[in-house]
*Asks:* 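Sharing a structure with you now.
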Amino acid sequence: MAYSFSEIEAKWQSYWLQNEVYKTGESTDKPKFYVLDMFPYPSGAGLHIGHPEGYTATDIISRFKRMKGFNVLHPMGFDAFGLPTERYSMTTGIHPIDATKANVDNFKRQLNLLGFSYDWSREINTTEPNYYKWTQWMFLMIYNSWYDDHAAKSRPISELQIPENLKSQKEIDDYIDSKRLAFIDMIPVNWCEALGTVLANEEVDEWKGKGYTVEKKPMRQWMLRITTYAERLLNDLDLVEWPNSTRDMQMNWIGRSEGAEIEFKAETNDTITVFTTRPDTVFGATYLVLAPEHSLVSKVTTDEQKSKIQEYIDVSVLKSDIERQDLTKKKTGVFTGGYAINPASGERIEIWIADYVLAQYGTGAIMAVPGHDERDHEFAVQMKLPIKMVVKPKDSDDWDIMTSAFTEKNGFSVNSENSEVKLSGLPTTEAISTIITWLESKNIGKGKIQYKLRDWLFSRQRYWGEPIPIMFFEDGSKRALENDELPLILPDVEHFKPAGTGESPLANVEKWVNFIDKKTGKKAKFETNTMPQWAGSCWYYLRYIDPHNDDIFCDSDKERYWMSPSGVDLYVGGAEHAVLHLLYARFWHKVLYDYGYVSTPEPFKKLFHQGLILGEDGEKMSKSRGNVVNPDDIVKEYGADSLRLYEMFLGPLEAVKPWQTNNITGVFNFLNRAWRMIATDEGTLSPKVLNAGLSPEQDYVLNYTIKKVADDIENLSFNTAIAQMMIFVNEFTKVEVKPLDAMKKFVLCLSPFAPHIAEELWQILGHSQSVVFEEFPVYDDAKIVRNEIEFVVQVGGKIRARIQVNVDLPQDQLEALALGDAAVQKHIDGKEIRKIIFVKNKLINFIV
RNA sequence: GCUCGGAUGGCGGAACCGGUAGACGCACAGGACUUAAAAUCCUGUGGGCAUUAGCCCGUGAGGGUUCAAGUCCCUCUCCGAGUACCA
């Protein structure tokens, strides 16, 4: 008969709730531990089997740390703004607020069903005005900031020095706006007609995959100047304990490269600035290429080339990023008819446009060095442009530059000199610094560090997001709301369809959009764009610390207690957020840090990604495949404790692993065996549990289990911790008498993993207080030292005997014992022993 | 293409700093209990040859270092994730 998990789980869940067992203490005299889950988007589908994986891991840690005497902060909330809800509302007419509430209720029901120890009094929801008030407040903090390069930090915009030559208010305002960390720009964005909204690059594939069409269209957008933080975002990765892969991804995303900007004079007298990482190859620059969107294209284009150029631009704009970046296709481009002068060689070179040059990176223009860049080489061959060799390989002279580009950075410059500077003969690194010095002395270029990271497109043409708290006046000026005017509440609307003009549904809410500003008395119009879903998740970990504070987003004393010395102690979530969420949150955190609102430069000290759980067929779970496992069903059949245990027993937390419902019987049986070891079918203490001493073997297993479970929890190796507890149960199932003390310690070890059954067993063992408040057992070092071990004897590296010996036996005695073994003698067989390898307490190896 | 992971029995997975490969679980087989079954408990279970207590092979493939390699080095194959003309 299986133990009655349904009754037990319901009983303890309501006990925990009624007694507020998981309320986080406010006292600061205990050491703290902040363990955070990535909060979910409450979708209509409810929890899937992947959610409880990370959540169980953090729950085990939380429970363990509490038992180890820490004050644990383990909160949960909901990242509830988002497009799926808005689309649901569009089709059903159900208000996003109502849809969100229903989904959140369902999520909470499911989370509680699994026995997670969240402190629900700290629950947050990004869509509630008293939360997004502070999201808006932070947006305004960013808006009212400029980045001081000298101080290398953000400062209030009021401290910005206004150049004296600026006279009119408009000029001054424009100057200030050009420095703000939040600003408006016209930029080409991914416009989806059907959704009536702009999509982020990372969303394009997702929606295209669902059959939507996405095109490029320049629109007025809010941007955040995250690029000012590129260097710090890169360097501070050294401060965190993150998976290497995630750090690498962020480093690649930020994409720092060193090089130089070089100015080329066009014959029209326009200056075309290019960025290159190989300024040493400037003598080999045989043509220039501008991106089709480059502002100088029309100026350098000659009359007879005009129509061809225009045609090319028109085609480029219609192409999606994906199409433009399709590497398999041939490169395309058109000659503008214009020429420029290579500032190093003095040669007259052609100016082309081509869409293999990206407008958004560097200066949107390149000097093409076909001899030493594969892309330029391909283009030059195709367009029959000149190819010049200016770097030769270290050890050979016979590189055929017409066949392929030589791109290694370990060569020597050749054919690179003019009357003022000579690179020929220099190794590449020296050539680079030499040419930069020359360019700088001539004032036609300079060393430059370039980043791939772009500014953050921060506005969405959607209803279901935080309103941007900025108003515009008829004269074109604008005003940000002040703190006493926050939150700017999202108005109620009846229809969630976009305005169709590219504006959000808010544009249709006449009364809300157009109003008389009370502070200035002027006619004003609210911004109709809302913030992206990333906004609310940029700082939620801080709100948990002080969720009900109306004066500030988080009290600074509380912040210091929970975040010092290096941020959230453990952050667990999916690797899909490795770049964007984590980069955006780090950015906001650093702005807050610059103003002293937070005490650490980085928000998340240790990060961990749980691996995906696949369906039984080894494929990603999806409705269409029909391989989705619903946690509710598993709980019904085996109980929450078994589900928790099984998800942890499946394999290493970080690994991608297939679900096998069959295998859950393993952990289910284990819990039943544990139950029978301590309790009767009727739920009373088993008569076999007695005050009794432990045999040395039992003592060993008990103490080793305590040690192993504690160590493994710290390392997030839950699968091996569970295996060890199984060994414990196997050991004590064998014997007739179950020593009471061992049973108690075992239940304490089990409790972080399977809290419901542990509570029940703990009560059966005679306790009236919840197991949550108990201390984690301590093991006895002396008991986990074996006094007899199995010792391996090898001859010529092959195992020939295993002998039982006392621990720490010295080499000479073991040699004698080993040589006395018949099997060993047989293999030595009178041969000469040339060498003896001895590893204490492990093995001895006779080389013959 | 580039970057980062990974590959261990029929299956999920263990294995510290190079030192007994396959812990633990599933599945399977046998036994005990039972009129019988289920449940439970016990035993066995990488492959091959012997079938006694013996030997050989074995951690994706091939090479190397070492007394000793799943673990370190080189080359390759396959799988997964990220990224994509970033000059």
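Since the structure is predicted, the reported quantities are computational estimates derived from the model, not experimental observations.
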*Asks:* What heavy-atom pair brings A:H294 and A:G364 nearest, and what distance separates the two atoms?
*Replies:* CD2-O, 3.4 Å

*Asks:* Give the nucleotide from the list B:A23, B:C85, B:G13 with an atom nearest to the side chain of A:I727.
*Replies:* B:A23

*Asks:* What is the minimum heavy-atom distance between A:A344 and A:F283, and which atoms define it?
*Replies:*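 Minimum heavy-atom contact is O-CE2, 3.4 Å.
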
*Asks:* Need one value for A:D376: base, sugar-phosphate or nothing, where a base atom within 4.0 Å counts as base even if backbone is also close, heavy atoms only.
*Replies:*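 No contact.
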
*Asks:* Measuring from the side chain of A:M249 (C-beta onward, heavy atoms only), which nucleotide among B:C24, B:G82, B:G13 has the closest atom?
*Replies:* B:G82

*Asks:* Going by number, which of residues 706-722 of chain A have a non-hydrogen atom under 4.0 Å from RNA chain B?
*Replies:* A:N719, A:T720

*Asks:* When you measure from the side chain of A:D373, which nucleotide among B:A23, B:A87, B:C26 comes out closest?
*Replies:* B:A87

*Asks:* Which nucleotide in the set B:C26, B:A87, B:G12 lies at the smallest distance from any side-chain heavy atom of A:N662?
*Replies:* B:C26

*Asks:* Between A:K835 and B:C67, is there a contact of a side-chain N or O with OP1 or OP2 at under 4.0 Å?
*Replies:*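 Answer yes for this pair, as a side-chain N or O of A:K835 is under 4.0 Å from OP1 or OP2.
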
*Asks:* Enter the distance from A:T720:OG1 to A:D712:CG here, rounded to the nearest 0.5 Å.
*Replies:*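 These two atoms lie 3.5 Å from each other.
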
*Asks:* Is it possible for you to check whether A:R586 lies under 6.0 Å from the centre of the six-membered ring of A:W242, through NZ or CZ, and within 45° of that ring's axis?
*Replies:*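 Yes; both conditions hold, so A:R586 lies above the ring face of A:W242.
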
*Asks:* As a test of the definition: with a 90° window around 0 for syn, would you call B:G54 syn or anti?
*Replies:*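 That one's anti.
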
*Asks:* Quick one: side-chain hydrogen bond (donor to acceptor under 3.5 Å, both in side chains) partners of A:W675, sequence neighbours excluded?
*Replies:* none

*Asks:* With a 4.0 Å limit, can you tell me whether A:Y356 has a side-chain N or O closer than that to the phosphate oxygens OP1/OP2 of B:A87?
*Replies:*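 Answer is no, no contact under 4.0 Å.
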
*Asks:* Hey, are A:E231 and A:R256 close enough for a salt bridge, meaning a charged N less than 4.0 Å from a carboxylate O?
*Replies:* yes

*Asks:* For every nucleotide of nucleotides 52-58 of chain B, 5' to 3': is a protein heavy atom under 4.0 Å from its base (B), only from its sugar-phosphate (S), or from neither (-)?
*Replies:* --SSSS-

*Asks:* Can you name the side-chain hydrogen bond (donor to acceptor under 3.5 Å, both in side chains) partners of A:S622, sequence neighbours left out?
*Replies:*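 Partners of A:S622 under the side-chain hydrogen bond (donor to acceptor under 3.5 Å, both in side chains) test: A:S624.
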
*Asks:* Could you tell me the separation between the CG atom of A:N719 and the CG atom of A:L645, rounded to the nearest 0.5 Å?
*Replies:* 11.0 Å

*Asks:* So what is the 5' to 3' dot-bracket string for RNA chain B, if pairs are Watson-Crick or G-U wobble with both distances under 3.5 Å, crossing pairs use [ ] and | means the partner sits on another strand?
*Replies:* (((((((..(((......[....))).(((((.......))))).((((....))))..(((((..]....))))))))))))....

*Asks:* Given B:G25, B:A87, B:G13, identify the nucleotide with an atom nearest to the side chain of A:M726.
*Replies:*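 Looking only at heavy atoms from C-beta outward on A:M726, the closest nucleotide is B:G25.
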
*Asks:* Taking side-chain hydrogen bond (donor to acceptor under 3.5 Å, both in side chains) as the definition, give me every residue that meets it alongside A:R802, ordered by chain and number, with sequence neighbours left out.
*Replies:* none

*Asks:* Taking the C1' atom in each of B:C24 and B:G19, what is the distance between them to the nearest angstrom?
*Replies:*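 Between the two C1' atoms, the distance is 23 Å.
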
*Asks:* When you compare the protein's N or O atoms with those of nucleotides 41-44 of chain B, which come within less than 3.5 Å of each other, and at what distance?
*Replies:*
unit_1	atom_1	unit_2	atom_2	d
B:C41	OP1	A:R673	NH1	2.9

*Asks:* Would B:C57 be called syn or anti here, given the cut-off of 90° from 0?
*Replies:*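 Nucleotide B:C57 adopts anti.
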
*Asks:* Using a strict threshold of under 4.0 Å (side-chain N to carboxylate O), is an ion pair present between A:K707 and A:D781?
*Replies:* no

*Asks:* Residues in ring pair (Phe, Tyr, Trp, His ring centres under 6.0 Å) with A:Y451, at least two apart?
*Replies:* none

*Asks:* Is there a side-chain contact between A:N672 and the phosphate of B:A39, meaning an N or O under 4.0 Å from OP1 or OP2?
*Replies:*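 Answer is no, no contact under 4.0 Å.
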
*Asks:* Can you check nucleotides 19-21 of chain B for protein contacts, nitrogen or oxygen pairs under 3.5 Å, and list what you find?
*Replies:*
unit_1	atom_1	unit_2	atom_2	d
B:U20	O2	A:E790	OE1	3.4
B:U20	O2	A:R802	NH1	2.4
B:U20	N3	A:E790	OE1	2.9

*Asks:* So does A:T661 get a backbone contact from the side chain of A:Y646, meaning a donor-acceptor N/O pair under 3.5 Å?
*Replies:*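 No, because the side chain of A:Y646 does not come within donor-acceptor range (under 3.5 Å) of the backbone of A:T661.
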
*Asks:* Do any pairs count as a salt bridge (Lys or Arg N to Asp or Glu O under 4.0 Å) and have a residue in residues 651-673 of chain A, sequence neighbours left out, and if so which ones?
*Replies:* A:E53-A:K657

*Asks:* What is the distance from atom CD1 of A:I353 to atom CG of A:D355, rounded to the nearest 0.5 Å?
*Replies:*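 Nearest 0.5 Å value for the CD1-CG distance: 9.0 Å.
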
*Asks:* Tell me, for nucleotides 28-34 of chain B in 5' to 3' order, what letter each nucleotide earns: B for a base near a protein heavy atom under 4.0 Å, S for only sugar-phosphate near one, - for neither?
*Replies:* -------

*Asks:* Would you find more than 12 non-hydrogen atoms of other residues, nucleotides or ligands less than 6.0 Å from A:E374 atom CD?
*Replies:* no

*Asks:* Taking all non-hydrogen atoms of both residues, which atom of A:I401 and which atom of A:H372 are closest, and how far apart?
*Replies:* CD1-CE1, 4.0 Å

*Asks:* Which is true for A:N663 with a 4.0 Å heavy-atom rule: it touches a base, it touches only sugar-phosphate, or it touches nothing?
*Replies:*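 The answer is base, as A:N663 lies within the cut-off (heavy atoms under 4.0 Å) of a base atom.
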
*Asks:* Assess, by modelled atom type and distance only, whether the side chains of A:Q450 and A:S257 contain a donor and an acceptor separated by less than 3.5 Å.
*Replies:*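 A:Q450 vs A:S257: no donor-acceptor pair found between side chains.
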
*Asks:* With a non-hydrogen cut-off below 4.0 angstrom, is A:P652 in contact with a base, only sugar-phosphate, or nothing?
*Replies:* sugar-phosphate

*Asks:* Parallel, tilted or perpendicular: which fits the ring planes of A:H581 and A:H577, with parallel below 30° and perpendicular above 60°?
*Replies:*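 Ring orientation of A:H581 relative to A:H577: perpendicular.
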
*Asks:* What pairs of donor and acceptor atoms, side-chain ones from residues 785-797 of chain A against any protein atom, are under 3.5 angstrom apart with sequence neighbours left out?
*Replies:*
unit_1	atom_1	unit_2	atom_2	d
A:R786	NH1	A:E697	OE1	3.0
A:Q794	OE1	A:N845	ND2	3.3

